[in-house]
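Step one of this worksheet: look at the structure below.
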Amino acid sequence: MVPEWLSMLTAAGSAALVDAASTDAWQAARERFARLLGRGDPDRTEAAARRLDELRRVADLPGNERELADARHAWRLRLQDLLEDHPDAVGDLRSAIAELPPPRTASAAMNRQENRAHDHGTVNAVLNGDLTIHRTRPAASDG
């Protein structure tokens with residue numbers, strides 16, 4: 001089981017990284033995360049750079065909400081793997097996150113969302129790519 005602090009850190013890292021893919025901060029973020037993931041190995045650094053280039057391509061697609069949600073999940077797992085294999089990289093990941101603009105997306109682990117339906121309405125809520133639909137039922141009439 002992944003400790004909560006590790007899960008929250010990697011969620012923050014993946015959200016910030018994915019959001020940065022469509023900003024002017026991208027090139028610096030790409031270089032920083034490629035080095036972080038490569039851990040000094042040129043082949044691993046190059047492989048990470050290719051994955052990051054693919055993230056940028058996805059970020060530039062129109063109507064990409066589902067793909068970005070998938071990317072956040074994939075990068076969260078990659079960052080968890082990194083920290084499980086290299087616990088000494090925690091400080092480097094925190095520094096890399098601190099250099100990025102704050103994420104625009106909500107993280108279920110860090111934010112709460114409340115939606116209310118009134119007068120028998122329907123609420124559609126999307127959080128981290130999961131669509132939840134809530135319908136209220138009319139009250140039984142008295143008679």
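Numbering starts at 1 and runs along the sequence shown. Hydrogens, waters and symmetry mates play no part in the numbers below; they use all other heavy atoms, side chains included.
Of the inter-residue distances, the one linking Leu82 atom CG with Leu93 atom CG reads 7.0 Å to the nearest 0.5 angstrom. The structure places CZ of Arg51 at 11.0 Å from CD of Glu46, a figure rounded to the nearest 0.5 Å. In this structure, CD in Glu65 is found 8.0 Å from CD in Glu67, a value given to the nearest 0.5 Å. Separation of atoms CG (Leu52) and CZ (Arg50) is listed at 11.0 Å; rounding is to 0.5 Å.
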- Given the rule in the side-chain hydrogen bond (donor to acceptor under 3.5 Å, both in side chains) test, do Ser7 and Arg76 qualify, once you have shown the distances and angles that lead to the verdict? CA-CA 8 Å; Ser7 182; Arg76 183 178 186 173; 2.3 Å; yes

- Message: Is there a side chain to side chain contact (heavy atoms under 4.5 Å, CB included) between Trp26 and Leu100? Walk through the geometry before answering.
- Response: CA-CA 9 Å; Trp26 176 246; Leu100 296 175; over 6 Å; no

- Can Thr10 and Trp75 be said to form a side chain to side chain contact (heavy atoms under 4.5 Å, CB included), step by step? CA-CA 8 Å; Thr10 57; Trp75 281 100; over 6 Å; no

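Listed by chain and residue number, Arg57 satisfy the salt bridge (charged side-chain N to carboxylate O under 4.0 Å, His left out) test with Glu54 (two or more places apart in sequence, or in another chain). Residues meeting the salt bridge (charged side-chain N to carboxylate O under 4.0 Å, His left out) test with Asp53, sequence neighbours left out: Arg30.
Between Gly40 and Pro42 the shortest heavy-atom distance is O-CD, 3.4 Å. Heavy-atom minimum distance, Ala59 versus Leu68: CA-CD2, 4.0 Å. Counting all heavy atoms, side chain and backbone alike, Thr45 lies closest to Gly38 at OG1-CA, 3.3 Å. Here the closest heavy-atom approach between residue Thr23 and residue Pro101 is recorded as OG1-CG, 4.4 Å. Shortest non-hydrogen contact noted between Arg32 and Ser95 is NH2-CB, 3.0 Å.
Taking the side chain as every heavy atom from C-beta outward, Leu17 and Ile97 never approach each other to under 4.5 Å. Within the 4.5 Å cutoff, side-chain heavy atoms of Glu84 are placed close to those of Asp81.
Using a 4.5 Å cut-off between side-chain heavy atoms of Ile, Leu, Val, Met, Phe, Trp and Tyr, with links allowed through other members, Leu77 and Trp5 fall into different hydrophobic clusters.
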Give every donor-acceptor pair under 3.5 Å between a side-chain atom in residues 85-92 and any protein atom, sequence neighbours left out.
residue	atom	partner	partner atom	Å
His86	NE2	Arg44	NH2	3.4
Asp88	OD2	Arg39	NH2	3.2
Asp92	OD2	Arg39	NH1	3.3

